[in-house]
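Shown next, in structure tokens, is the structure this report addresses.
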Amino acid sequence: MAEIRFHLLGPLGVEIDGRQVPLGGRKPRLLLAALLLESGALVSTDSLIDVVWPEDPPRSAAANLRTYVHSLRRVLTEDRIHRGPAGYRIAVARDELDTTVFADHVATARRAMAEDRPADALTQLAAAEPHWRGAPLADMPHHHSWGPVLARLDELRLEADELRVRARLACGEHRDVVPDLRELLVRDPFREELWAHLIVALDRCGRRAEAVEAYDEVERLFREEMGAAPGPRLRDLRARLTAPVPPAPRRPPRSPRRTVCQLPLDVPDLTGREEHVADVIALVRRRQAAGDPTVVVISGPPGVGKSSLAVHIAHRLRRDTDDDHLHVGLAGTTAAPRRASDVLGEVLRSLGASDKTLPSDESERAAALRSALSHRSSCVVLDDAASAAQVRPLLPGTGPSVVLVTSRIRMPELTAARHVELDVLDHDSALRLLSGIVGTARVQAEPEHAARIVDSCGKLPLALWVAGARLAGRRRLSLSYFADRLADERRRLDELRVGDLAVRASLELSYARLPGEAATAFRALGALGPVSFPGWTVGAILAGDNTDTTGADTAEAVLDVLVDAHLVELVGEDATGAPRYRMHDLLRCYAAERADDTDRRRIRRVVEGYYAAASASVERMPVRYFGVAPTPVPTYWRPHDLDRLVRDPVAWFDAEHPTAAALLEPAAGFAADGAAWRLATVLTPYYDLRNRWEDWWRADEHALTAARRTGDRHGEAIVLRDLGQVRVYQDRYEEALRLFDRSAELFARLGHAQGEAVAVASRGTVHRIRGDRARALECSRRALELFSQVGDLHGEAVARIAIGTVRMDEGAFDDAETWFTDAYALACAIGDRHRAAHAVHRQALLHQRRGQLRLARQRLDEAIAVFDDLDDDHCAGYAQQSLGELCLRSGELAHAQLLLANSLAVHRDTGDRRSEAVVSQRLGELHESLGQEQTSRDYFHRALALWRELSAEPQRSAVERRLRPVDEA
């Protein structure tokens, strides 16, 4: 999926995969700006028209607005702009829009300051800074309705500047912050908060006289400009500036004693963790300056480098103090974690206590440790903690000591601690780590294969260390060979072992501590593959052989266990608002190793759950798919909150179709063939709406195999028909006819008249496209007869439109009008807006052929509005093509060019080469009439290449005749 970024701060812009994309002229840019300023909310059509045409909107403003919307949809490459009841909204994730990214960083910085974490605040503000590229929408004329939003953005920028000043002051950067404060006060001289910061900064860097002068300056400014005195905070600062400073008390010298250092060997270059190290060191220094203890809990999945980070920080702290540095293993991942009482005894002995003076009671030992640490700057690393209960007695109460805890589980109960959750490395850091072990020259010689090794290791530090050590010990082994070995997931963990260092052994320690249901879910989840998944999948796995929807609470509890143990990662929410999870690739490989046939068969219910949700989504889709639905299976497992999941059916498909499709290929291993082919058929309407032909074909290939494995001829017939439809969209008509014929034959054999009707109607479509009107009419009439037999009114509407289209092509306009009118009336009667819009589109083409251009344009506007409202860009593109051809014929060349360019983009996206050829030819004619010969020739040559590819001789000859005079000239 493309990475997209929207920019409102500074000039309006859109980047896709790091590349600026053209947005068109001023009007589509104004439209996009208005939508982005209210991202996620519906902006009324009237408001948008007022923004785009603030002076005198044309009568065609609403139609033109739809055209600009479609042009932006093509540029944005994804379905971003949606039509609502009375306007449009744009769907933008928070991390895709610079204003929300900036606001989120500022909000996080605000929380960090509230929690006394100024270093974190500065990190967040530094991350926010690149997103502010200048005044919002600096290159756009501002509409009066934008005022409140733009004012909030200006206030947010000022808040960021003030937070940065406060954080730098808290970190002791008093001297360096003075110039920044002076600059801010030039911009806003009446902001008392800034004057207070300036006075404090000047005072703390030894410039008290200047601090007093600053107060006098603000007092004079306020009196002269506002006739008022400074507020109480500034007056209080002035009083403190003139108060005498008492001498600092002298601390008595401490008697020398032996110090203890038990720290393991340091990792000299802890790649990718520099920010964590700096953050913790800054925290420790602030806490020690205040005489307070510091507790840091470092958690994360196995192999992520928790212990290495804790030891590295402890070594860094040794530079600042000569006090004791202890390292204690708590054995949290073993079958018998150490008792807190035993650990307390060990720590107290290390600090000099004798066995005679050591209390026997745990609470007394904890009190003795707190007393011992109250006057020291010791650092204690508590490695591999099992729980908060094990750690709590080991923590100091007062004094400047530091405790660094590492654990594979989260410990939110330790509320006074700073929690650092480690994740895998980013790609660049992972490559640097690998390079540091195997040598930069080897990595630079095979950069692509080094990247493959990093990806196979999941960027997990332990795995990278093991892989690097194996390569370092085999200097003649190529990175490509080792990357190929790691690519096989079945042997990956075998490859990631060197000496006594093994990734599998590290993972086993976490797995061994899982309770029964969590272990079961962990093993089965490994079979899902490298995809994210919703929480209800765990409910399906744990449902046993029951088909009810009970056990939701148990599933959530199990997920909590897996997430807290860092064996499953919460990756956020999808478009439906549901939380999504994933497993690290190496954890997934390990889980799949542990799974047996019983575990894998549990995934059958996950497939059934996806089928149930996809079926419910299809029923709520705005566009009714012309296909055959499989027979429902009431015994299939269903998610308990199905109605909530599919409240927005298209959003559900957007979020879930990759995971659903990934379950189709291994369905036999899950004993899920029946559910798998059904699942593929209910994914088809979404693939049709979104023009995902390759995904559709791949899913149906797996579905066909599954249906044939189970001997389900009904399922086979459905899938064959759907595969034929993909081939129609890909202009592969011979294959499509063969597939439709086999499907129709199977349906007829099974006595399934509705399925046969769909297959026969589809066959008629191919004959009509290829110009065989007689066969097309025969198929359409036969389909209508079958649809009437079974009472399929939606199918009847489709067949009537098809018959009318053939009759129109034959020149029987009156007869065609009757068929279109009947189809429209029928579609309206049954509430099928999509089929009604198709009938309106055909009526418009009929009006155009009769020379009734005004009526044709009116009907096309109606059809485009409905397709737009239904989010059907595919059909809207065809209707825009028709409107563009009409505008070309009536001499509205500018509008024709925009419409035809939009429809050309649609046809290229969907792979419709025939329609692309037609539109290319029309654009050639348009530019020819404008005297733009080179552009005209380019379009004609593109059309000619497509007609040759499609073996369409009449069309090819027509284009050659148009090109010949131009080429001769």
Side-chain angles (χ1 to χ4, degrees), residues 264-265 267 269-272 300-309 311 329 331-335 383-384 406 408 422-425 427 429-439 442-443 446 449-514 519 522-523 525-527 529-530 565-569 583-596:
L265 187 66
V267 178
D269 181 16
L270 199 67
T271 306
V304 80
K306 302 177 291 296
S307 299
S308 296
L309 175 61
V311 169
T333 52
T334 68
D383 197 22
D384 190 21
T406 73
R408 295 192 180 191
L422 290 190
D423 200 353
V424 297
L425 300 174
H427 187 77
S429 296
L431 271 178
R432 287 202 309 274
L433 177 57
L434 185 66
S435 299
I437 302 168
V438 305
R442 289 178 76 182
V443 169
E446 297 183 79
H449 301 299
R452 289 174 59 207
I453 292 171
V454 164
D455 289 340
S456 292
C457 290
K459 307 176 187 67
L460 188 71
L462 174 61
L464 290 164
W465 272 104
V466 174
R470 289 201 62 183
L471 287 166
R474 297 162 176 79
R475 305 297 300 176
R476 296 183 182 277
L477 187 68
S478 70
L479 270 59
S480 63
Y481 176 79
F482 190 60
D484 289 341
R485 293 177 69 90
L486 287 179
D488 184 352
E489 290 191 354
R490 293 169 299 180
R491 61 186 295 175
R492 185 174 296 171
L493 293 178
D494 292 327
E495 296 293 336
L496 292 175
R497 177 172 186 159
V498 59
D500 61 353
L501 196 60
V503 173
R504 181 185 284 109
S506 177
L507 305 182
E508 282 173 347
L509 293 174
S510 289
Y511 171 73
R513 290 185 55 79
L514 289 177
F522 174 75
R523 294 192 305 270
L525 286 170
H566 291 281
L567 295 177
V568 166
E569 178 185 4
M583 294 180 76
H584 186 277
D585 285 347
L586 295 179
L587 283 165
R588 182 174 50 77
C589 291
Y590 176 74
E593 278 186 0
R594 301 293 308 221
D596 57 20

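Positions are given from 1, in the same order as the sequence printed here.
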Evaluation steps, side-chain contact (heavy atoms from CB on, under 4.5 Å), between Ser478 and Glu446: CA-CA 8 Å; Ser478 70; Glu446 297 183 79; 3.9 Å; yes
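- In this structure, the side chain of Arg442 does not engage the main chain of Leu479 through any donor-acceptor pair within 3.5 Å.
- Between the side chains of Ser429 and Arg432, at least one donor N or O sits under 3.5 Å from an acceptor N or O.
- In this structure, CD on Glu508 lies 4.0 Å from OH on Tyr590, to the nearest 0.5 angstrom.
- Of all non-hydrogen atoms in Ala487 and Arg492, the two that sit nearest each other are O-NH2, 3.6 Å.
- To the nearest 0.5 Å, atoms CZ (Arg408) and CG (Asp384) are separated by 6.5 Å.
- For the pair Pro302 and Leu460, the tightest heavy-atom approach, listed with the atom from each and the gap, is O-CD1, 3.6 Å.
- Between Lys459 and Asp423 there is no salt bridge, since no side-chain nitrogen of the basic residue lies less than 4.0 Å from a carboxylate oxygen of the acidic one.
- The nearest pair of heavy atoms linking Arg504 to Glu593 is NH2-OE2, 2.8 Å.
- The two atoms that bring Leu462 and Ala502 nearest to each other are CD2-O, 4.3 Å, heavy atoms only.
- What you find for Ala591 and Phe522 is that their closest heavy atoms are CB-O, 3.3 Å.
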Residues Leu464, Leu425; criterion side-chain contact (heavy atoms from CB on, under 4.5 Å); working and verdict: CA-CA 10 Å; Leu464 290 164; Leu425 300 174; 4.2 Å; yes
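- Of the inter-residue distances, the one linking Tyr481 atom OH with Arg474 atom CZ reads 10.0 Å to the nearest 0.5 angstrom.
- Judged purely by atom type and a 3.5 angstrom limit, Arg513 uses its side chain to pair as donor or acceptor with the backbone of Thr334.
- From Ile437, atom CD1 reaches atom OG1 of Thr271 across 8.0 Å, with rounding to the nearest 0.5 Å.
- Between the side chains of Ser456 and Arg485, no donor-acceptor pair of N or O atoms lies under 3.5 Å.
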Val311 vs Leu265, side-chain contact (heavy atoms from CB on, under 4.5 Å): CA-CA, chis, key distance, verdict: CA-CA 8 Å; Val311 169; Leu265 187 66; over 6 Å; no
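- Look at Arg588 and Asp585 and you find a salt bridge, because one of the NZ, NE, NH1 or NH2 atoms lies within 4.0 Å of a carboxylate O, short of that distance.
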Salt bridge (charged side-chain N to carboxylate O under 4.0 Å, His left out) evaluation trace for Asp484 with Arg452: CA-CA 9 Å; Asp484 289 341; Arg452 289 174 59 207; 2.7 Å; yes
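- Minimum heavy-atom separation, Cys589 to Leu493: C-CD1, 4.1 Å.
- Other residues, nucleotides and ligands contribute at most 12 non-hydrogen atoms within 6.0 Å of the CZ atom of Arg490.
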Intermediate values then yes/no, side-chain contact (heavy atoms from CB on, under 4.5 Å), Leu514 and Tyr511: CA-CA 5 Å; Leu514 289 177; Tyr511 171 73; 4.0 Å; yes
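- The line from CH2 of Trp465 to OG of Ser308 is 8.0 Å long, rounded to the nearest 0.5 Å.
- For the pair Leu567 and Leu525, the minimum side-chain heavy-atom distance is 4.5 Å or more.
- Counting heavy atoms from C-beta outward, Arg470 and Glu495 have side chains that approach closer than 4.5 Å.
- The line from CG of Asp494 to CG of Asp488 is 9.5 Å long, rounded to the nearest 0.5 Å.
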